[in-house]
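Report on the following structure.
Chain identifiers are assigned alphabetically (A, B, ...) following the order of the sequence lines, protein sequences preceding nucleic acid strands; residue numbering begins at 1 within each chain.
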Protein chains: 2
Amino acid sequence: MEEKFRLDNQLCFRLYTASRLITQAYHPLLSGYGLTYPQYLVLLVLWEKDEQPVNDIARRLLLETNTVTPLLKRMEAEGIVSRRQGRKDARQMIVGLTKKGRQLQQALADVPETVGSSVLCESVTPETVPGLFGMLDDIIARLLEKRA
Amino acid sequence: MEEKFRLDNQLCFRLYTASRLITQAYHPLLSGYGLTYPQYLVLLVLWEKDEQPVNDIARRLLLETNTVTPLLKRMEAEGIVSRRQGRKDARQMIVGLTKKGRQLQQALADVPETVGSSVLCESVTPETVPGLFGMLDDIIARLLEKRA
DNA sequence: ATAATTTATATCGTTCACGATGCAAATATA
DNA sequence: TATATTTGCATCGTGAACGATATAAATTAT
């Protein structure tokens, strides 16, 4: 009864904490541009492929649209993205980068490197990262199939 | 410019997603008892050591007290914990388990096992978990020292 | 073509997270 | 001892997350 409940034995707590701390690490790099970490994720998605409906963005980030919609509205208010109704399908809202949103990619060019290096350590190196990625991907895939 | 910004190359996104999905996995196991995942974490801390000041709980979970205080108040309203002023130090609020809070440990006895098994897969096994824990612990330690 | 169903997005309510700030008790300093 | 500083907790505001629900457009079935 004792051991299994120990906080130090919980994978979930490690993931939860690591996720929170890494988000905090992004904060000083993004806040100057009025960006939050989830908003930065949206930018990553749009930099890969501009002009996407809300649904595609949400699916790519594995978030619900009711999370993404208000987030996109805030980004629209900041002039980072634009939202327009779809032409073929009037239900869709197509989200695109504004000039400001595109320019942010240059401004944030050093962010991935900076955060990456702030995480590297003894056991997390360019050699071990693929293994870590693999395990996290497997965990995510496993939890996703359970969810369906 | 392209590659480093790819969502699939981001450690942060994997941690963020894995954390969210594992929290979602807890939800059906906890909601029947009116518990959220962060509240479950508080219970883990109190089951290890009853009667702790807010500060100790927050530090153990690496959260701020302004996150933990309202959370504890909700748990108090649910009758899961009690809060009383400290005797030596009148500033402290000592948080303790109620009978209901203690009984939840028996009721939730299967939760760690259930969640654990829902994560096990090809690359995440009893043999590989220690390595994963080590890497996550190192990442957390690295980010914590940067924060100070 | 009309009705039933599905799909895309949005709204609402609750609970975190957390930066900023306030306040009172405890401690350190003058 | 009086004053300054630190400490522990709380309040406030903002932005996620997400379950539940709503609404309108598109699709399918009758």
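- Using a 4.0 Å heavy-atom cutoff across all strands shown, A/T67 reaches at least one base atom of the nucleic acid.
- Geometrically, A/R14 does not engage A/Y16 in a cation-pi contact, judged by NZ or CZ lying under 6.0 Å from the ring centre and within 45° of the ring axis.
- Within the 4.5 Å cutoff, side-chain heavy atoms of B/L136 are placed close to those of B/L132.
- In this structure, NZ of A/K88 is placed 10 Å from P of D/dT27, rounded to the nearest angstrom.
- Picking from D/dA25, D/dC18, D/dC9 the nucleotide with the shortest atom distance to the side chain of B/T65 gives D/dC9.
- A salt bridge does not link B/R59 to B/E64: none of the charged side-chain nitrogens sits closer than 4.0 Å to a carboxylate oxygen.
- Protein atom CZ of B/R84 is 12 Å distant from nucleotide atom P of D/dC9, rounded to whole Å.
- Of the listed residues (A/V68, A/L41, A/V42, A/V45), just one forms a side chain to side chain contact (heavy atoms under 4.5 Å, CB included) with A/R60, and that residue is A/V45.
- Using a 4.0 Å heavy-atom distance criterion, B/R59 is classed as making no nucleic acid contact.
- No contact: A/P70 has no heavy atom under 4.0 Å from any strand.
- For the pair B/D8 and A/F133, the minimum side-chain heavy-atom distance is 4.5 Å or more.
- B/L35 places a side-chain heavy atom less than 4.5 Å from the side chain of B/L104.
- In this structure a side-chain-to-backbone donor-acceptor pair under 3.5 Å is missing from A/Q52 to A/I94.
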Using the 3.5 Å cut-off, write out each protein N or O paired with an N or O of nucleotides 20-23 of chain D and the distance between them.
from	atom 1	to	atom 2	distance (Å)
D/dA20	N6	A/N66	ND2	2.9

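- The outermost nucleotides of DNA chain C lying under 4.0 Å from heavy atoms of chain A, listed 5' to 3', are C/dT7 to C/dC18.
- When rounded to the nearest whole Å, the span between CZ of B/R74 and P of D/dA10 equals 13 Å.
- Distances from the side chain of A/E64 to the nucleotides D/dC9, D/dC18, D/dT11 place D/dC18 closest.
- Defined by atom type and a distance below 3.5 Å, a donor-acceptor pair is missing between the side-chain atoms of B/N55 and B/Q92.
- Residues B/Y40 and B/V111 meet the side-chain proximity criterion, which asks for heavy atoms closer than 4.5 Å.
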